[in-house]
Amino acid sequence: MSERTGKYSITMPRDIAEAAKARSSPSGLSAYVAAAVARQIERDNLNELITVTEAEHGPVSDDEVHAERSPVGSPSPAPMTCG
């Protein structure tokens, strides 16, 4: 990160802190926590955008979501079979 940093004291459950410490890279726990907080901020921003958009245009239906996820003109994928 090229931004200036500050030192903060946070409190979190010990099991979460230990799991984060175990998964952090050589750059350390601070970098791991900073990346997790940055991801959460991105999600919060996206949720705010969704809320504003749905207030303006109405909620998106499940059918609309499914249609956007499926490529235009392509058939649905064949079900997987075992055997």
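Each residue takes its place number in the sequence, starting with 1.
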### Query
So which pairs with a foot in residues 22-36 pass side chain to side chain donor-acceptor pair (under 3.5 Å), sequence neighbours left out?
Ser25-Ser27

### Query
Quick one: side chain to side chain donor-acceptor pair (under 3.5 Å) pairs with a partner in residues 6-18, sequence neighbours left out?
none

### Heavy-atom closest pair, residues Ile10 and Met12
CD1-CE, 3.2 Å

Pairs of donor and acceptor atoms involving the side chains of residues 39-46, under 3.5 Å and at least two apart or interchain, shall be tabulated with distances.
from, atom 1, to, atom 2, distance (Å)
Gln40, NE2, Asp44, OD1, 2.8
Asn45, ND2, Ile41, O, 3.4

### Task
Please answer whether the main-chain N or O of Val65 pairs with a side-chain N or O of Glu68 as donor and acceptor at a distance below 3.5 Å.
no

Could you pull out every donor-acceptor pair under 3.5 Å between side chains of residues 51-58 and any protein atom, sequence neighbours left out?
from, atom 1, to, atom 2, distance (Å)
Thr51, OG1, Asn47, O, 2.9
Thr53, OG1, Leu49, O, 2.8

